S.K.: 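Structure provided below as structure tokens; questions to follow.
Chain naming here is simple, since letters A, B, ... match the order of the sequence lines and numbering starts at 1 in each. Since we're looking at a predicted model, the values are computed, not measured.
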Amino acid sequence: MPARFSKRIRAAIERMACEYGPQGWWPIASEVQRFAPSNNPRRLEGYHPGEFDFPRTIAGRFEICCGAVLTQNTAWANVRHALEGLLVANALSAKRLLELPEEQLASVIRPAGYFNQKASYLRAVALWFQANDAMLVRSERSLFALETARPILLKVRGVGPETADAVLLYAYRLPTFVVDAYTMRVFGRLNVVDSQSSYEVVRSLLGDALRQRTLERTVEYYQEAHALIVEHAKRHHGRKSDATKDFLLD
DNA sequence: AGCCAGGCTACCG
DNA sequence: CGGTAGCATGGC
């Protein structure tokens with residue numbers, strides 16, 4: 001019965017892929033330039049289109065975790081400034097971030113907004129990172145690993161479902177689909193979901209529709225699909241809906 | 001000058 | 001359970 005919308009969902013993603021090309025999420029500014037130079041201008045901001053073997057380092061994974069918290073209800077341009085602040089403050093590792101007094105941490109991430117809340121969240125995430133990163137990298141990636149790690153991550157203060165899924169999908173390449181406000185808007189417009197669908201329902205609906213033959217391919221496809229949805233929504237779906245410009249509805 | 005941005009917690013009924 | 005105020009900066 002959920003297969004009812006699967007075709008529509010997959011067609012929408014495929015169309016976005018053709019229209020927008022490879023996205024290369026999640027951006028990892030501190031890591032990406034070091035590997036494989038390229039002409040792609042987005043690479044300078046940490047995007048790595050067509051390359052799915054990021055992050056490759058513990059620093060890259062921690063940067064994703066921080067970015068996932070900092071971007072909560074915040075434009076990415078502001079997050080970049082905050083991440084750069086962390087880099088300059090030499091606080092882009094769990095240990096060194098935790099050594100920074102919380103008040104100072106807050107002032108460093110000020111451009112990302114909600115800086116007092118987020119300073120507290122970042123500390124909690126850094127503690128989680130110290131306790132879980134090595135294990136997650138070492139253990140075999142599987143549905144079991146995902147279902148084990150996810151509830152633990154969701155208990156961390158400041159980590160809700162979207163932040164957790166972004167960390168698991170992009171930092172640890174575990175096969176979970178990331179649902180955000182854009183996802184709700186885009187697929188709401190396509191009558192695939194409605195405003196009262198819960199996060200979990202939408203996550204499993206899209207996850208089922210977009211699952212691929214292997215775990216590895218599924219992860220890559222989930223990563224790309226989420227980035228494409230954001231790109232599409234930025235172009236066509238303001239908060240004040242304007243379906244007229246949406247080519248998916250043609 | 002206002003609206004918006006890659007949400008989450010706490011608290012309400 | 002679902003609904004909502006509060007959190008805050010920078011860009012357009």
Side-chain angles (χ1 to χ4, degrees), chain A residues 13 16 20 22-29 42 45-49 54-55 63-86 102-128 150-171 176-189 193-203 206 222-242 245:
Chain A
I13 297 301
M16 293 177 200
Y20 308 137
Q23 299 299 301
W25 278 37
W26 188 282
I28 320 170
R42 303 192 72 201
E45 304 165 37
Y47 295 93
H48 41 94
F54 288 102
E63 184 181 338
I64 292 173
C65 294
C66 292
V69 167
L70 292 169
T71 198
Q72 291 170 1
N73 202 39
T74 300
W76 187 257
N78 293 6
V79 176
R80 279 204 337 249
H81 296 145
L83 286 172
E84 207 159 309
L86 286 173
E102 189 161 321
E103 195 170 283
Q104 201 172 328
L105 177 58
S107 86
V108 166
I109 62 167
R110 182 184 194 82
Y114 308 127
F115 45 82
N116 289 313
Q117 274 193 354
K118 284 175 179 176
S120 151
Y121 293 173
L122 283 178
R123 290 180 61 85
V125 167
L127 289 172
W128 170 87
R150 194 169 186 266
I152 296 172
L153 184 50
L154 281 171
K155 286 192 191 119
V156 176
R157 178 174 175 80
V159 177
E162 181 185 339
T163 304
D165 287 327
V167 165
L168 294 168
L169 177 65
Y170 288 105
T176 184
F177 195 85
V178 182
V179 176
D180 57 16
Y182 289 150
T183 312
M184 299 300 284
R185 276 187 234 166
V186 171
F187 289 98
R189 202 73 55 72
V193 305
D194 55 65
S195 55
Q196 49 192 348
S197 309
S198 72
Y199 184 96
E200 290 301 327
V201 166
V202 178
R203 168 175 173 261
L206 295 190
Y222 283 1
Q223 289 184 350
E224 198 65 15
H226 175 235
L228 285 166
I229 290 165
V230 173
E231 180 63 25
H232 179 72
K234 281 179 175 171
R235 299 193 190 203
H236 299 285
H237 294 265
R239 275 197 181 166
K240 175 189 173 256
S241 339
D242 48 353
K245 297 193 309 184

S.K.: Nearest 0.5 Å please: distance from the NZ atom of A:Lys234 over to the CH2 atom of A:Trp76.
M.R.: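 Here the interatomic distance stands at 9.5 Å.
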S.K.: Using centres under 5.5 Å plus planes under 30 degrees as the test, is A:Tyr182 stacked with B:dA5?
M.R.: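 So A:Tyr182 does not count as stacking on the base.
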S.K.: Would A:Phe115 count as stacked on C:dA8 if the rule is ring centres under 5.5 Å and plane angle under 30°?
M.R.: no
S.K.: Is B:dA1 paired to anything, Watson-Crick or G-U wobble with both distances less than 3.5 Å, and if yes, which nucleotide?
M.R.: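 Base-paired to nothing in any strand shown.
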S.K.: Toward the 5' end of DNA chain B, which comes first, A:Ala75 or A:Val156, by nearest nucleotide?
M.R.: A:Ala75
S.K.: Strictly by modelled atom types, are A:Tyr182 and A:His237 linked by a side-chain donor-acceptor pair under 3.5 Å?
M.R.: no
S.K.: Taking for each residue the nucleotide of DNA chain B with the nearest heavy atom, is it A:Val159 or A:Trp25 whose nucleotide lies nearer the 5' end?
M.R.: A:Trp25
S.K.: Are any of A:Thr71's side-chain N or O atoms less than 4.0 Å away from OP1 or OP2 of B:dG7?
M.R.: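 It does not, given that no N or O in the side chain of A:Thr71 lies less than 4.0 Å from OP1 or OP2 of B:dG7.
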S.K.: Does B:dG6 have its OP1 or OP2 closer than 4.0 Å to a side-chain nitrogen or oxygen of A:Asn73?
M.R.: no
S.K.: Determine: side-chain N/O of A:Arg80 to OP1/OP2 of C:dT9, distance under 4.0 Å, yes or no.
M.R.: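 Result: no.
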S.K.: If the P atom of C:dA5 is compared with that of B:dC4, how far apart are they to the nearest Å?
M.R.: 15 Å
S.K.: Using OP1 and OP2 only, check whether a side-chain N or O of A:Arg157 sits under 4.0 Å from B:dA10.
M.R.: yes
